[in-house]
Engineer: 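Quick one: structure below, then a few questions.
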Amino acid sequence: MSVSAVTHLNFRGDARAALAFYQSVFDGQLTVVTYKDADNVQDPAEADQVMWGQVTADNGFRVMAYDVPSGKPWDQGENAFFLSLRGDTAEEVTAYWDGLTEGATVLQPLGPAQWAPLYGMLKDRFGVTWVVDVAVAYPAG
């Protein structure tokens, strides 16, 4: 079993540019899944924006990012990042989820998603927003 915690940056239309910049600085592999790729388009003008992206480098650098849809509130000073927790199995992720939910506000219940076998979002009792999911392989992009 393996688990990782990664900073997940939130943008409003700049996620692809930010990820490309971080890749240019740290090298590594850039992966981008758009809302269109995931068949999750809510606003056609945002179809090519990043629903999920990451840069992973051999030197250990890793960052994730996405473009917050215009239908959701976003303030760079208030919700500029999430802490992303990814595990290899549903059992592993569910155990961490169960622990994190103590005193938390569940924003998206843990369950199947179009892009992952399990995905959930919560704000823990300290005000930190966590996105929790089971890792799946994505093609480089």
Side-chain angles (χ1 to χ4, degrees), residues 1-23 25-141:
M1 292 204 310
S2 166
V3 67
S4 64
V6 178
T7 301
H8 186 294
L9 303 173
N10 303 332
F11 296 93
R12 181 77 86 188
D14 294 324
R16 186 184 303 270
L19 289 167
F21 171 72
Y22 300 137
Q23 180 190 31
V25 173
F26 296 99
D27 293 322
Q29 180 177 334
L30 170 65
T31 305
V32 171
V33 176
T34 66
Y35 287 98
K36 181 172 53 181
D37 294 336
D39 196 29
N40 192 22
V41 176
Q42 297 171 20
D43 179 343
E46 298 172 349
D48 291 322
Q49 289 187 356
V50 177
M51 189 181 97
W52 178 84
Q54 75 174 359
V55 173
T56 306
D58 290 340
N59 62 11
F61 176 82
R62 186 167 175 203
V63 68
M64 300 169 91
Y66 95 119
D67 288 309
V68 178
S70 60
K72 293 187 177 189
W74 179 78
D75 179 324
Q76 189 173 21
E78 289 186 28
N79 57 353
F81 74 94
F82 297 149
L83 187 54
S84 174
L85 181 69
R86 309 193 93 196
D88 290 333
T89 68
E91 294 79 18
E92 178 182 29
V93 165
T94 300
Y96 292 124
W97 175 265
D98 290 345
L100 287 168
T101 58
E102 183 181 330
T105 300
V106 174
L107 304 171
Q108 173 68 45
L110 187 65
Q114 291 173 318
W115 60 90
L118 282 180
Y119 168 84
M121 179 186 286
L122 62 82
K123 184 174 284 196
D124 72 18
R125 64 181 185 224
F126 303 104
V128 176
T129 300
W130 293 75
V131 289
V132 177
D133 70 347
V134 174
V136 295
Y138 294 104

Engineer: Kindly compute the distance separating OH (Y66) from CG (L19), expressed to the nearest 0.5 Å.
Structural biologist: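 Answer for the OH-CG pair, Y66 versus L19, is 13.5 Å.
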Engineer: Sequence neighbours excluded, which residues qualify as side chain to side chain contact (heavy atoms under 4.5 Å, CB included) partners of Q76?
Structural biologist: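 Partners of Q76 under the side chain to side chain contact (heavy atoms under 4.5 Å, CB included) test: W74, A80.
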Engineer: Ignoring hydrogens, what is the shortest heavy-atom contact between A15 and D67? Give both atom names and the distance.
Structural biologist: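 Of all heavy-atom pairs spanning A15 and D67, the closest is N-OD1, 3.0 Å.
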Engineer: Please name all residues satisfying ring pair (Phe, Tyr, Trp, His ring centres under 6.0 Å) with F81, sequence neighbours left out, ordered by chain then number.
Structural biologist: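 Expected list: none.
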Engineer: Is a donor on one side and an acceptor on the other found under 3.5 Å between the side chain of D43 and the backbone of A45?
Structural biologist: yes
Engineer: Considering all heavy atoms of both residues, which atom of A90 and which atom of L118 are nearest to each other, and what is their separation?
Structural biologist: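 Where A90 meets L118 most closely, the heavy atoms are CB-CD1, 3.6 Å.
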Engineer: Enumerate the salt bridge (Lys or Arg N to Asp or Glu O under 4.0 Å) contacts for residues 47-64, please, sequence neighbours excluded, ordered by first and then second residue.
Structural biologist: K36-D48
Engineer: Could you tell me the separation between the OG1 atom of T34 and the CD atom of Q49, rounded to the nearest 0.5 Å?
Structural biologist: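 Atom-to-atom, T34:OG1 and Q49:CD are 10.0 Å apart.
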Engineer: Which heavy atom in V50 sits nearest to a heavy atom in Y35, and how many Å separate them?
Structural biologist: O-CE1, 3.5 Å
Engineer: Applying side chain to side chain contact (heavy atoms under 4.5 Å, CB included), can you list everything that pairs with A20, at least two apart in sequence or on another chain?
Structural biologist: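 Partners of A20 under the side chain to side chain contact (heavy atoms under 4.5 Å, CB included) test: none.
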Engineer: Closest heavy-atom contact between V134 and D88?
Structural biologist: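 Residues V134 and D88, closest heavy atoms: CG1-O, 3.7 Å.
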Engineer: Could you go through V33 and W115, starting from their C-alpha distance and side-chain angles, then the distance that decides it, and tell me whether this counts as side chain to side chain contact (heavy atoms under 4.5 Å, CB included)?
Structural biologist: CA-CA 9 Å; V33 176; W115 60 90; 5.9 Å; no
Engineer: Between atom CZ of F61 and atom CD of Q23, what is the distance when rounded to the nearest 0.5 Å?
Structural biologist: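 It is 10.5 Å, given to the nearest 0.5 Å.
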Engineer: Would you mind listing every salt bridge (Lys or Arg N to Asp or Glu O under 4.0 Å) that reaches into residues 95-120, with sequence neighbours excluded?
Structural biologist: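 Non-adjacent pairs meeting salt bridge (Lys or Arg N to Asp or Glu O under 4.0 Å): E102-R125.
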Engineer: Name the atoms and distances for all side-chain donor-acceptor pairs under 3.5 Å in residues 103-114, with sequence neighbours left out.
Structural biologist:
unit_1: Q114; atom_1: NE2; unit_2: D39; atom_2: O; d: 3.4

Engineer: Identify, with sequence neighbours excluded, every residue that meets side chain to side chain contact (heavy atoms under 4.5 Å, CB included) alongside F21.
Structural biologist: S24, V25
Engineer: Going by the rule side chain to side chain contact (heavy atoms under 4.5 Å, CB included), which residues pair with A17 if we only count those two or more places apart in sequence or in a different chain?
Structural biologist: none
Engineer: Got a second to check how far S84's OG is from M121's CE, nearest 0.5 Å?
Structural biologist: 9.5 Å
Engineer: Enumerate, atom names and distances included, each donor-acceptor pair closer than 3.5 Å involving a side-chain atom of residues 6-13, sequence neighbours excluded.
Structural biologist:
unit_1: H8; atom_1: ND1; unit_2: N10; atom_2: OD1; d: 3.2
unit_1: N10; atom_1: ND2; unit_2: N79; atom_2: O; d: 3.0
unit_1: R12; atom_1: NH1; unit_2: V68; atom_2: O; d: 3.1
unit_1: R12; atom_1: NH1; unit_2: P69; atom_2: O; d: 2.5
unit_1: R12; atom_1: NH1; unit_2: K72; atom_2: O; d: 3.3
unit_1: R12; atom_1: NH2; unit_2: K72; atom_2: O; d: 3.0

Engineer: Partners of E46 by side-chain hydrogen bond (donor to acceptor under 3.5 Å, both in side chains), sequence neighbours excluded?
Structural biologist: S70
Engineer: Could you give the distance from CG (L100) to CG (L85), rounded to the nearest 0.5 Å?
Structural biologist: 6.5 Å
Engineer: Q29 side chain to A57 main-chain N or O, any donor-acceptor pair under 3.5 Å?
Structural biologist: no
Engineer: Looking at residues at least two apart in the chain, or sitting in another chain, which of them share a side-chain hydrogen bond (donor to acceptor under 3.5 Å, both in side chains) with T129?
Structural biologist: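 T129 satisfies side-chain hydrogen bond (donor to acceptor under 3.5 Å, both in side chains) with no residue once adjacent residues are dropped.
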Engineer: For R16, enumerate each residue passing the side-chain hydrogen bond (donor to acceptor under 3.5 Å, both in side chains) test, keeping only those at least two apart in sequence or located in another chain.
Structural biologist: none
